[in-house]
Amino acid sequence: MTNLQKLRVRASEIRSKLNELSGVEDLSDEQRSEMDALSKEYQDVERRSRAAIIAEGEDDEGRTTPAEPDAEMRERVELRGKASLTNYLLAAARGRLPDGAEAELAEAAGVEGIPLELWDVPAEAEERAITPAPGTVGVNLDPIRPAVFAPSIAPRLGVEMPRVASGTFASGTITTSVTAGPRAKSANAPQTEGAITVTTATPKRVAASVAFAIEDIKAVGQANFESILRENMSMALSAELDNQVLNGDGQNNALTGLFQRLADPAAPGATVTDFDDFVSAFAGGVDGLWASRMNEVAIVVGVDTYRVAAQAFRDATGQDLGDISFADYAMDKFGGFWTNSRMPAAAANVQQAVLYRTGRSGMRTAVCPHWGEIGIDDIYSGSLKGERQYTMHVLLGDVIVVQSAAYAQVNFRTAV
C-alpha cells in the first residue's frame, strides 16, 4: 500500500470517529478533547495527502513510490516536472541523445530510452496560449484539445510495477506454512513442511504509432501540433497498459490481467437494487486476516453497477431513513467504492467487480513487472512522402497476484 493509500484510509477512520462523536448530544470533557485532537489530525492528514498526490500522482499510472519520499525521490519528481516527451522524441528524430532535464531523468532512472515514469499525466491540462497562424493563411487556430482517458485503476487495486533489468521476472509466495502447536514433554514438534509457489512473467510488448505530414504541421503553424499528438500517443499507450492489467486474457500476445487471476463466482440470481444489497457485498469481504473491519474493504465496480448504487437509498415504505445514497455512504464508511470505464461491461445483466482488502500495510499483494522504459523505433518510415512517424513500445509482464487472499471477484446482477 502506498503512502497516499495509507493516508486515505486514516482519513476515512478519522471521519468515521468524528461522525460518531458529532452524534453525541452531551459530550464529556474527554470526548471534546478527542474531537479536537482528531480535527487537528484530519487537517494534517489532508495536507500530507495533497503532498502525496503531487509526489505519487492522483491515480499513479502503474508505479509504486516509497511511503516517505527521500531526497533522491524528491529530485526525481522535480526532474519529471521539467522533462518533456517532445524533447525525447525530437532528440531521437535528430539522431542525438537527449540532454538537459531529459538526460538527467533518464540517468536517474537508469534507462537509455524514455523513463516509464514520464507517462504520468498532469492533473490539470497545460495552458497553451493561442498561436496565430501566418498572416497569409488568415486563420487563428485555437490550441489542439487533448483526448480524455480514464484515470488509472491498477494502483488503487494495489498492483505494483517493479522494474526488471533483464531476464524473466519471478515472484514467490509461501503457500503452505509450517505448523506450530502445543506438545507434551519430550514430544516431537510438528513436521509439516512449508511450500513456496513461484509464478513467472516474461516480457510482452504494448505499442502505439503515429505519423503526420510536414505540410500539415507547417499549414497549421502551431508549435504544439506535434507535442499534443505525441502526448496523445503516450496517453493512449498508458490507457491500454491499464486496460491490459485489468482485463488482459492472456491470449494472442495479451497480458494476463487481474480478472484472469481471480476465480469467477457463480452469477447472482437476485438483482442488486437496494442499500442493504451493497452493504452485504462489503460485509462479505471481511475475513479477519486481510480485512478486520469494514473500512478495510474496497470494491471497484462497473459503471452500470455504480449507477444503481448511486440511486440506492436506505428508505422503507412510509419511513424516511436518510437521504444519502449508498455510493456516498460507502466512500465515508468503507475502504473505497468507485468505478472506471475500463471495468468489464455487463454480460447477461451480470457485471464483474473486484474486491480488494487493504488491511495489511507494507505487503505486496499484486505485481505487474516492466522492463524499464518506453522505446522509440522506426522514426524514418514515410520520409519519402514527407511524413514523420514515431513508434513507441513498452515491455510488460503478466499480472501476478502475490497474495490471493487480499482479492476476490464479486458479481452484481444489475437487471433481470
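Computed from a prediction, not measured in an experiment: that's the story for all the values here.
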Pairwise side-chain contact, [X] with [Y], heavy-atom cut-off 4.5 Å (strictly under):
{"X": "Leu396", "Y": "Val206", "value": "yes"}
{"X": "Arg413", "Y": "Val272", "value": "no"}
{"X": "Leu246", "Y": "Leu157", "value": "yes"}
{"X": "Phe412", "Y": "Pro268", "value": "no"}
{"X": "Leu258", "Y": "Val401", "value": "yes"}
{"X": "Val286", "Y": "Arg293", "value": "no"}

Legend entry - Residue pair Gln351 / Thr414, side-chain donor-acceptor N/O under 3.5 Å: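 Side-chain D/A pair, Gln351 to Thr414: absent.
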
Legend entry - Between Gln244 and Asp242: side-chain donor-acceptor atoms closer than 3.5 Å: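 The answer is no; no qualifying pair exists.
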
Inset, instruction - Just do the side chain to side chain contact (heavy atoms under 4.5 Å, CB included) check on Tyr407 and Leu262 with the steps written out, would you? - result: CA-CA 8 Å; Tyr407 298 93; Leu262 303 178; 3.6 Å; yes

Legend entry - Check: Phe326 ring centre within less than 6.0 Å of Phe313 ring centre: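 Centroid separation for Phe326 and Phe313: 6.0 Å or greater.
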
Legend entry - is_close_aromatic(Tyr329, Phe275), centroid dist under 6.0 Å: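 Here the rings of Phe275 and Tyr329 have centres that are less than 6.0 Å from each other.
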
Inset, instruction - Starting from the C-alpha separation in whole Å, work towards a yes-or-no answer on side chain to side chain contact (heavy atoms under 4.5 Å, CB included) for Val308 and Asp304. - result: CA-CA 7 Å; Val308 175; Asp304 292 345; 6.0 Å; no

Inset, instruction - Mind checking the OG-CG spacing from Ser171 to Asp398? Nearest 0.5 Å is all I need. - result: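 Rounded to the nearest 0.5 Å, the OG-CG separation comes to 12.5 Å.
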
Inset, instruction - Please round to the nearest 0.5 Å and tell me the distance separating atom CD of Glu41 and atom CD of Glu34. - result: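 Between Glu41 CD and Glu34 CD, I get 10.5 Å after rounding to 0.5 Å.
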
Legend entry - Asp264, CG atom: more than 12 neighbouring heavy atoms under 6.0 Å: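 Atom CG in Asp264 is crowded, with more than 12 foreign heavy atoms closer than 6.0 Å.
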
Inset, instruction - Show your reasoning for whether side chain to side chain donor-acceptor pair (under 3.5 Å) applies to Gln352 and Asn411. - result: CA-CA 5 Å; Gln352 298 169 299; Asn411 294 336; 5.0 Å; no

Inset, instruction - Evaluate side chain to side chain contact (heavy atoms under 4.5 Å, CB included) for Leu255 paired with Cys368, printing each intermediate quantity in order. - result: CA-CA 10 Å; Leu255 271 64; Cys368 177; 4.2 Å; yes

Legend entry - Passing candidate, side chain to side chain contact (heavy atoms under 4.5 Å, CB included) with Phe169, options Ile400, Thr199, Thr202: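 When side chain to side chain contact (heavy atoms under 4.5 Å, CB included) is applied between Phe169 and each of Ile400, Thr199, Thr202, only Ile400 qualifies.
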
